[in-house]
Amino acid sequence: MKLINPYNSKQLMPVENGWVDEDKNFFPLKNGVIRIVKNDDYADNFGFQWNKFQKVQIDREQSSSPISKIRFFAETGWASDDLKGKNILEVGCGAGRFSQVVLASTEANLYSIDLSNAVEANYRNNKHYGERLKIFQASIYEMPFEENSFDKVFCLGVLQHTPDFKKSIQSLAGKVKKGGELVVDFYTITGWWTKIHAKYIFRPWTKKMSHEKLLEKINRNADWLIKLYNFNYKIGLGKILNRFLPIPDIKATIPDNLSQQELRDWVVLDAFDMFSPEYDQPQTIKQVKKWIEEAGMEVSFADFVHYDNARAAVVKAIKNKLCVV
């Protein structure tokens, strides 16, 4: 795979401790990660959370079913055997929950990026897979790859947290080679009630808090909020009242059969993920489908995918012609 400087499109060549282009622009290799950006801009909260909760969503660390593997293959529809030798791009890797699935379940080559220093957690979790994994700290808008390069591109749980949803889709579509496939999921608008939710009510304040203070508040209140969540369901009012609790919808988003400590860790992590991002921009499936088509791809699926005890809004598309830049 040819690497380029995304700021001038010139080829990068390996040197000691990094990569350099012909103009001597240097990108360091630090802690196993090629650093294309100098800072994590709007995504520092994700670096904080994934380095704090490095193991929480990694299948091999859980006592429950392999939820990340179930979700990945349910949403992509890809078959493990078909990915042998394929070059796959993962955008928004976090701590590497889906990186681990791809590397453990297939013989594909994975190029994984994230804007935040969560890439370091991914490297720690998955470095034992060796040369099949290459990790970059890079922006979705400035990736170090040529257009039309990858057999498969996936972006799960990320797009709603980027500054420009449509531009993000265009950037993803550009990296797919002719005949290749793009799969994305995202927070969806299902009706007028979507934003009548604790997440959107409290976020204007919580996203301005320091990460340490926000996490401390969540940790301090997690136990009684979990009990109240369960009580509301017990009295038959869970679907109404729990929308206003500042914790995730446990029954709809968190795996069954977790230990008590694992459940608490997931709740704290997901609550932090709800309230810390700079951006949270849900979209309708129809709108995302339209943007992907405008990016020059043919949509093959645009609907909800159900897996385990959850569902996700998913759009899949195939590129039938090359992007020209």
Side-chain angles (χ1 to χ4, degrees), residues 6-7 18 26-58 89-100 111-127 134-144 155-165 167-168 171-172 184-187 198-220 222 246-248 265-282:
Y7 306 106
F26 177 70
F27 299 92
L29 177 66
K30 181 180 178 183
N31 296 331
V33 177
I34 302 171
R35 310 293 176 146
I36 304 299
V37 295
K38 294 181 180 179
N39 61 68
D40 49 14
D41 195 17
Y42 61 87
D44 64 320
N45 63 293
F46 294 109
F48 177 85
Q49 80 179 43
W50 291 122
N51 281 291
K52 282 278 187 183
F53 297 93
Q54 176 181 325
K55 301 293 186 182
V56 171
Q57 293 185 344
I58 305 299
L89 173 61
E90 173 188 23
V91 178
C93 65
R97 65 182 296 197
F98 299 117
S99 306
Q100 191 268 334
Y111 294 76
S112 188
I113 78 164
D114 200 290
L115 178 60
S116 78
N117 66 3
V119 288
E120 297 182 8
N122 188 356
Y123 180 72
R124 291 192 297 270
N125 279 327
N126 293 305
K127 62 184 178 181
K134 292 180 174 61
I135 307 177
F136 305 80
Q137 186 174 7
S139 167
I140 190 172
Y141 307 121
E142 293 156 341
M143 294 184 277
C155 183
L156 307 182
V158 173
L159 286 173
Q160 62 273 352
H161 296 311
T162 62
D164 189 327
F165 203 116
K167 183 180 176 182
S168 299
S171 185
L172 294 173
V184 302
D185 74 7
F186 48 92
Y187 295 168
K199 176 168 66 169
Y200 297 107
I201 294 170
F202 296 122
R203 278 191 69 254
W205 295 276
T206 59
K207 71 179 184 179
K208 296 177 182 178
M209 296 171 62
S210 73
H211 303 327
E212 292 80 6
K213 183 177 180 180
L214 176 59
L215 181 60
E216 188 276 328
K217 283 184 176 295
I218 294 169
N219 252 319
R220 181 155 33 92
I247 57 172
D265 289 343
W266 274 74
V267 168
V268 172
L269 167 60
D270 282 4
F272 186 86
D273 192 87
M274 289 166 60
F275 294 113
S276 63
E278 178 68 23
Y279 301 100
D280 188 312
Q281 305 180 89

To the nearest 0.5 Å, what is the distance between [atom1] on [X] and [atom2] on [Y]?
X	Y	atom1	atom2	result
Leu214	Phe275	CG	CZ	8.0 Å
Leu156	Phe186	CG	CZ	11.5 Å
Ile218	Lys213	CD1	NZ	12.5 Å
Glu142	Leu115	CD	CG	9.5 Å
Asn117	Tyr123	CG	OH	15.5 Å
Lys134	Leu89	NZ	CG	13.5 Å

| Which one of Lys30, Lys127, Arg35 satisfies the salt bridge (charged side-chain N to carboxylate O under 4.0 Å, His left out) criterion with Glu120? |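 Going through Lys30, Lys127, Arg35 one by one, the salt bridge (charged side-chain N to carboxylate O under 4.0 Å, His left out) with Glu120 is satisfied by Arg35 alone.
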
Can you see which heavy atom on [X] is nearest to which on [Y], and at what distance?
X	Y	value
Ala95	Gln54	CB-O, 3.7 Å
Val37	Ala138	CG1-CA, 4.0 Å
Asp114	Gly94	OD2-N, 2.9 Å
Gly157	Asp185	N-OD1, 2.6 Å
Asp273	Gln49	OD1-NE2, 2.9 Å
Ile36	Tyr7	O-OH, 3.4 Å

N/O donor-acceptor pair under 3.5 Å between [X] side chain and [Y] backbone:
X	Y	result
Ser168	Leu159	no
Gln160	Tyr187	yes
Gln281	Thr162	yes
Asp265	Val56	no
Asp270	Pro248	no

Within-4.5 Å side-chain heavy-atom neighbours: [X] and [Y]:
X	Y	answer
Cys93	Phe98	no
Phe202	Lys207	no
Leu172	Val91	yes
Ile113	Met143	yes
Arg124	Asn51	yes

| task | Assign the ring pair Phe48 / His211 to parallel, tilted or perpendicular, where the plane angle (0 to 90°) is split at 30° and 60°. | result |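 Ring orientation, 0 to 90° scale: tilted.
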
| request: Measure the acute angle between the ring planes of Phe46 and His161, then classify it against the limits of 30° and 60° as parallel, tilted or perpendicular. | output: tilted

| request: Test side chain to side chain contact (heavy atoms under 4.5 Å, CB included) on Tyr279 and Asp164 and set out the steps. | output: CA-CA 9 Å; Tyr279 301 100; Asp164 189 327; over 6 Å; no

| Cation over ring face, Lys167 and Tyr141, 6.0 Å, 45° | yes

| field | Partner set under side-chain hydrogen bond (donor to acceptor under 3.5 Å, both in side chains) for Asp280, not counting sequence neighbours | value |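 Only Lys199, Tyr200 meet the side-chain hydrogen bond (donor to acceptor under 3.5 Å, both in side chains) criterion with Asp280.
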
| field | Which residues share a side-chain hydrogen bond (donor to acceptor under 3.5 Å, both in side chains) with Asn122, sequence neighbours left out | value | Ser99, Ser112, Asn126

| CA sep, side-chain torsions, deciding dist, call: Leu269, Trp50, side chain to side chain contact (heavy atoms under 4.5 Å, CB included) | CA-CA 9 Å; Leu269 167 60; Trp50 291 122; 3.6 Å; yes

| So does Lys52 have more than 12 non-hydrogen atoms from other groups sitting under 6.0 Å from NZ? | no

| request: Evaluate side-chain hydrogen bond (donor to acceptor under 3.5 Å, both in side chains) for Asn125 paired with Gln100, printing each intermediate quantity in order. | output: CA-CA 8 Å; Asn125 279 327; Gln100 191 268 334; over 6 Å; no

